[in-house]
Amino acid sequence: MHIKMRELAIKDCFRAWTIKDISIFLASFADDAHYIESHGPAYRGIEQLAAWFSDWIEDNDVLELSIKKFYHINDVCICEWYFEYICGGHTLEFNGASIVTFDDSKIVELREFKSETENNYPYMR
């Protein structure tokens with residue numbers, strides 16, 4: 001799969017959260033895809049991805065899910081991103097990175113990693 005097509009698949013996947021469009025989200029993934037969220041939950045297969053997406057967008061809203069940068073290594077794309085959302089009436093945010101593995105045309109695995117948006121420097125004086 002061409003690098004630009006991989007980036008487009010990831011962009012579509014992320015955009016789907018913002019506009020709450022399950023068809024765009026699912027079109028990015030292989031039927032047997034594996035998705036691991038940054039805080040632990042994991043989903044295997046398109047049916048579990050569909051159930052998770054539907055449940056999540058019912059009670060939450062994505063304000064921003066923007067990609068900062070892509071890195072490519074063979075069939076893997078790593079992307080850095082920023083995520084801001086409303087959950088339980090609270091606006092939350094964090095930075096993240098995903099390791100995304102592709103087959104010929106779809107995402108077969110996506111692993112998220114989280115980083116706080118506010119950093120401190122304990123050794124700066």
Side-chain angles (χ1 to χ4, degrees):
M1 179 182 227
H2 188 269
I3 288 173
K4 292 296 178 192
M5 295 303 291
R6 290 181 190 167
E7 290 181 4
L8 181 59
I10 295 168
K11 287 176 182 177
D12 283 348
C13 174
F14 284 19
R15 184 172 57 89
W17 289 101
T18 305
I19 63 173
K20 297 186 175 189
D21 190 324
I22 193 168
S23 62
I24 293 172
F25 178 74
L26 295 177
S28 302
F29 292 92
D31 289 343
D32 60 347
H34 188 213
Y35 194 117
I36 301 171
E37 289 189 82
S38 62
H39 60 285
Y43 314 96
R44 189 175 301 280
I46 207 79
E47 294 82 17
Q48 289 184 10
L49 287 171
W52 166 52
F53 186 92
S54 295
D55 287 346
W56 197 93
I57 64 169
E58 187 174 310
D59 296 323
N60 305 288
D61 292 298
V62 174
L63 301 174
E64 183 178 348
L65 182 49
S66 55
I67 297 169
K68 297 177 182 181
K69 187 160 182 155
F70 288 106
Y71 307 88
H72 298 277
I73 306 165
N74 300 321
D75 63 346
V76 175
C77 179
I78 300 166
C79 64
E80 295 180 61
W81 42 265
Y82 168 77
F83 184 41
E84 183 179 7
Y85 61 105
I86 298 174
C87 178
H90 301 283
T91 300
L92 305 164
E93 66 178 351
F94 62 91
N95 290 313
S98 294
I99 300 172
V100 187
T101 306
F102 289 85
D103 65 9
D104 290 334
S105 61
K106 303 273 185 172
I107 297 170
V108 294
E109 184 173 66
L110 193 152
R111 293 178 176 263
E112 296 178 349
F113 298 88
K114 176 182 173 181
S115 174
E116 297 300 326
T117 55
E118 193 169 317
N119 299 120
N120 64 59
Y121 298 86
Y123 295 102
M124 289 192 70
R125 295 177 195 236

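The analysis underlying the following values was restricted to heavy atoms, covering all of them including side chains, and did not include hydrogens, waters or symmetry mates.
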**Message:** Tell me if a side-chain donor or acceptor on Glu112 pairs with a main-chain N or O of Ser38 at a distance below 3.5 Å.
**Reply:** yes
**Message:** Once salt bridge (Lys or Arg N to Asp or Glu O under 4.0 Å) is applied, what residue pairs with a partner in residues 64-74 remain, sequence neighbours excluded?
**Reply:** none
**Request:** State yes or no: do Trp17 and Leu92 share one hydrophobic cluster built from I, L, V, M, F, W and Y residues joined by side-chain heavy-atom distances below 4.5 Å, directly or via other members?
**Result:** yes
**Message:** Taking side-chain contact (heavy atoms from CB on, under 4.5 Å) as the definition, give me every residue that meets it alongside Ile78, ordered by chain and number, with sequence neighbours left out.
**Reply:** Tyr71, Ile73, Val76, Ile99
**Which residues share a ring-ring contact (aromatic ring centres under 6.0 Å, His included) with Phe70, sequence neighbours left out** = none
**Request:** Drop me the distance from His72's NE2 to His2's NE2, to the nearest 0.5 angstrom.
**Result:** 9.5 Å
**Request:** Specify the closest pair of heavy atoms between Ala42 and Gln48, including all atoms of both residues, with the distance to one decimal.
**Result:** O-OE1, 4.3 Å
**Request:** Run through the side-chain heavy atoms of Ile, Leu, Val, Met, Phe, Trp and Tyr, join any pair under 4.5 Å, and report what else lands in Val108's cluster.
**Result:** none
**Prompt:** By the rule that ILVMFWY residues connect when side-chain heavy atoms come within less than 4.5 angstrom, directly or transitively, which residues belong alongside Ile86?
**Reply:** Leu63
**Request:** Check whether any side-chain heavy atom of Arg6 sits under 4.5 Å from a side-chain heavy atom of Val100, and report yes or no.
**Result:** no
**Prompt:** If you take all heavy atoms of Ser28 and Ala9, which pair is closest and at what distance?
**Reply:** OG-O, 3.3 Å
**Message:** Taking ring-ring contact (aromatic ring centres under 6.0 Å, His included) as the definition, give me every residue that meets it alongside Phe94, ordered by chain and number, with sequence neighbours left out.
**Reply:** Trp81, Phe83
**Asked** Members other than Tyr123 in its cluster, when Ile, Leu, Val, Met, Phe, Trp, Tyr link by side-chain heavy atoms under 4.5 Å?
**Response** none
**Asked** Given the rule that I, L, V, M, F, W and Y join up when any side-chain heavy atoms are under 4.5 Å apart, are Tyr85 and Ile57 in one cluster?
**Response** yes
**Asked** About how many Å separate CZ of Phe53 and CD1 of Ile24, when rounded to the nearest 0.5 Å?
**Response** 8.5 Å
**Message:** If the condition is side-chain contact (heavy atoms from CB on, under 4.5 Å), which residues does Leu26 pass it with, not counting sequence neighbours?
**Reply:** Ile22, Ile46, Leu49, Ala50
**Message:** Is there a continuous path of hydrophobic side-chain contacts, each under 4.5 Å between heavy atoms, that joins Phe102 to Ile67?
**Reply:** yes
**Request:** Please name all residues satisfying side-chain contact (heavy atoms from CB on, under 4.5 Å) with Ala27, sequence neighbours left out, ordered by chain then number.
**Result:** none
**Request:** Decide yes or no for Asn95 and Glu80: does some side-chain heavy atom of the first lie under 4.5 Å from some side-chain heavy atom of the second?
**Result:** no
**Prompt:** Quick one: CD on Glu93 to CD on Glu118, what's the gap to the nearest 0.5 Å?
**Reply:** 8.5 Å
**Item:** Contact list for residues 13-23, test salt bridge (Lys or Arg N to Asp or Glu O under 4.0 Å), sequence neighbours left out
**Value:** Asp12-Arg15, Lys20-Asp61
**Asked** When rounded to the nearest 0.5 angstrom, what is the spacing between CZ in Phe29 and CG in Leu110?
**Response** 5.5 Å
**Complete:** One should read off an interatomic distance between Thr101 OG1 and His34 NE2, to the nearest 0.5 angstrom, of 11.0 Å
**Asked** salt bridge (Lys or Arg N to Asp or Glu O under 4.0 Å): which pairs involve residues 30-56, sequence neighbours left out?
**Response** none
**Message:** If I take atom OG from residue Ser54 and atom CZ from residue Phe25, how far apart are they, to the nearest 0.5 angstrom?
**Reply:** 9.5 Å
**Asked** Would you find more than 12 non-hydrogen atoms of other residues, nucleotides or ligands less than 6.0 Å from Asn119 atom CG?
**Response** yes
**Request:** Decide yes or no for Phe14 and Cys79: does some side-chain heavy atom of the first lie under 4.5 Å from some side-chain heavy atom of the second?
**Result:** yes
**Request:** Hydrophobic side-chain clustering at under 4.5 Å (ILVMFWY, transitive links): who's grouped with Tyr121? Put none if nobody.
**Result:** Met124
